[in-house]
Amino acid sequence: MTRFQAFLPRRCLWRIVLSAVLLGPAAGAIAAGYPVVTNARLLHAASDNGWLMFLRDYTGDSYAPFREISTRNVSGLKPAWDYKIGMRQGFEGSPIVNGRYMFVTTPKDHLIAFDAVTGKVLWKYQKSLAGVGLKTVCCDVVNRGVALYGNNVYMATLDNYVVALNAQTGKVVWQKQIKPADVGYAMTLAPLTLEGMVIVGTSGGEYGARDFVVALDANTGREIWRQYTVPSPGQPGSDTWPKGKIYRHGGGSAWLTGTYDPSSNTLFWGGGNPGPWLARLRPGKNLFTDSLQAFNPRTGQRKWYYQYTPHDSWDYDGVNTPMITSLTYHGRRYQAIVHADRNGWLYVIDRRTHKLIYAVPFAHAISLAGFRDGLPYTDDAVRPAVGKQIFTCPSFLGGKNWWPASVDPATHMVYVPTIHTCMTMKGAPTFYKPGLPYLGETFKVVHDPNDSNWGALQAFDLDTGKRAWNRETRLPWDAGAMSTAGGLVFSGTPQGHLLALDARTGQVLWKSPKLSSGIIAPPVTYRVDGTQYVAILAGWGGATPIWGGDMVKSVANIPVGGHLYVYSLK
Amino acid sequence: MSIRLLQISAYVLVLSALLLQRAEAASPPPALYTRSQALQGASAFEWKCASCHGHHLQGGVGPALEGPVFASAKSGFTIQQIYEFLSVEMPAYAPGSLTRTQYLDITAFLLQQNGYPAGSRALTDRIASESTVPLLFQAVVQAPAGVAKSRAGAGKPLAIPRTNAP
């Protein structure tokens, strides 16, 4: 302290002394500064002590190599700290942790920075949404978390801003709007930082948007590239759309964070459903909707793609995380993408040949009927039309919605949060009007006739494609999964329990007391000074209670309100 | 008459002319529904829509359905567009599940809450699905069921008649 005395004004010094007293000894580490987030750290985020990005690292596998908390001692997990946030909307955010700094986003784009050890609030930020109607936000006014780079924290907002804030002070460094609000576009995703860029994608498949992925300079907000998921006339893929202007409202929302493969320098990003929902209005395969897209991250150029659902009429967004892993299948080693799609199929795709290695259904799947020569085909009998009601599975909410799955390299398993739903669907009149949905279908979510439960957490052995275990639940499984080297899978339930399951068997080894609300967020884990923590946001909401049809009744009495919980063994 | 008085009366004249002009420009919005429709609509709204759009239409997980941000010139909605949309696609968990009458009543209620006056003619499916009348929030709101009330701009939300909807 004496070294600083010479040039610090007295008032300032007094503040430091005061805050040191108020914060106690814990303040020391925070005051010691903010660990700069470099490209190298992001590339090695898998082994970092923090949780530096949305799904921990660029593979998107939500797997942490920590073993302090393990199958043997997990029953001793205790609350470390918690923080009541409030708000009645859904909490879908992943807490992001760097050193002792934790960043948590809430519905309606608030951001809170905590001391990850003590839970002390360091600063708060609230994006002003004054004058914003939130008209074109389908599935709750959520936010899924921040990205980090340098000394900045980045958040994407419902009114299409990317906001860069100083991680230590919460002061806005720059902000940039990439589309006007309320005319079809919104953002709910956690941005991805990559080689000095902040990369985000837009939502809007329900509103006649033409969606895109955009990369901004992380230091200035300057736009570097923008790639639309629906091509304009003349661009590759445009021949899969009818002639005319329909492509302008073709959807293909890019609403979930992508992944990155440094070995091939490829950015993977999912494309959402085509618009309007009623496929008859847009004959063709409708690339690159419902597709895995492989981009050059420097230019945004599309290298290759794989369409999960051609000519979709069921709202099967292909945005669920394209997880990067390697596996051995029938004696051969593959560099793969693993993806559990809304359409109910688990896709395993070769990153070298861009071809399907195998696909297996993980939920009752009718619309996507099967594969020929590695390419999917649909059952045309279940395509709705005006005057024709169909019944199909899964519902538009998907066999799995956005909730992150997790790939565990030790068990070679993928853990898939699942919902068992089917639906009726019928064509309906529609018109395009900015600010209103553009669907052309009506629908109702109903029970899967083959399964009386709404949910499950399932494990598939990636080396065989066979299901390893299955944990069925009466209520939908709407929370993300996270696995650890301790042999555990963490996930949450609508009833408000954080669970730790045995990764090999699916047996529940620890269950938190009932939290203040249901869980729809993914858990994260981090380490500070050798102590491993597990953090989860409770705060029921999201798509299920809005669009869930017959499922709504079963979740109607879940209490709402956001609350952050952190556990450790100490 | 002193010059001062002249000045003042000229001022008053100009001012009243201006006021008159304004009143003309903001000619009262058309009466497109009956008060009883809006009353029925209020209870249907509470029962089928309020859980997402708020008990005061202020918005929740669904957007606000009242006020200058919802019914703005920028949005440029017409009554036909809003009616066609909500009667096909809402409520979100069961689109199209209400009766025609309920959708009309709810539309009447939305009009009322956005400042459109009640009249003697009922809103019919035909009128609603052809109406090119722009939906623009009117600053002075016709209070429901005889409660004389007005407000300028976006003030406190109006009290909406509560029903015993469970």
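All values derive from a computational prediction rather than experimental measurement. Every chain is numbered from 1 and lettered A, B, ... according to where its sequence line falls, protein lines coming before strand lines.
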Could you show, one pair per line, the donor-acceptor contacts under 3.5 Å between chain B and chain A?
residue : atom : partner  : partner atom : Å
B:Val69 : O    : A:Lys135 : NZ           : 3.2
B:Phe70 : O    : A:Lys135 : NZ           : 2.7
B:Ser75 : O    : A:Lys433 : NZ           : 3.2
B:Ser75 : OG   : A:Lys135 : NZ           : 3.4
B:Gly76 : O    : A:Lys433 : NZ           : 3.0
B:Tyr93 : N    : A:Ile546 : O            : 3.3

Partners meeting side chain to side chain donor-acceptor pair (under 3.5 Å) with B:Gln37 (sequence neighbours left out): none

Chain B contact via A:Val132 - side chain, backbone, both or neither, heavy atoms under 4.5 Å: backbone

By disulfide (SG to SG under 2.5 Å) - contacts of A:Cys393 (at least two apart): A:Cys422

Segment of A:Val552 engaging chain B (4.5 angstrom heavy-atom cut-off): side chain

Top of A:Gly541, A:Cys138, A:Gly133, A:Pro437 for chain B proximity - count of heavy-atom pairs under 4.5 angstrom: A:Pro437

Contact class of A:Phe443 relative to chain B, heavy atoms under 4.5 angstrom: both

Partner chain B: residue of A:Ile546, A:Val142, A:Leu134, A:Val137 with the largest heavy-atom pair count (under 4.5 Å): A:Ile546

Any residue meeting side-chain contact (heavy atoms from CB on, under 4.5 Å) with A:Ala521, in chain and number order, not counting sequence neighbours: A:Leu537

Engaged part of B:Ala92 at the chain A interface, taking heavy atoms whose separation is under 4.5 Å: both

Flag side-chain contact, heavy atom, 4.5 Å: A:Leu436 against B:Ile82: yes

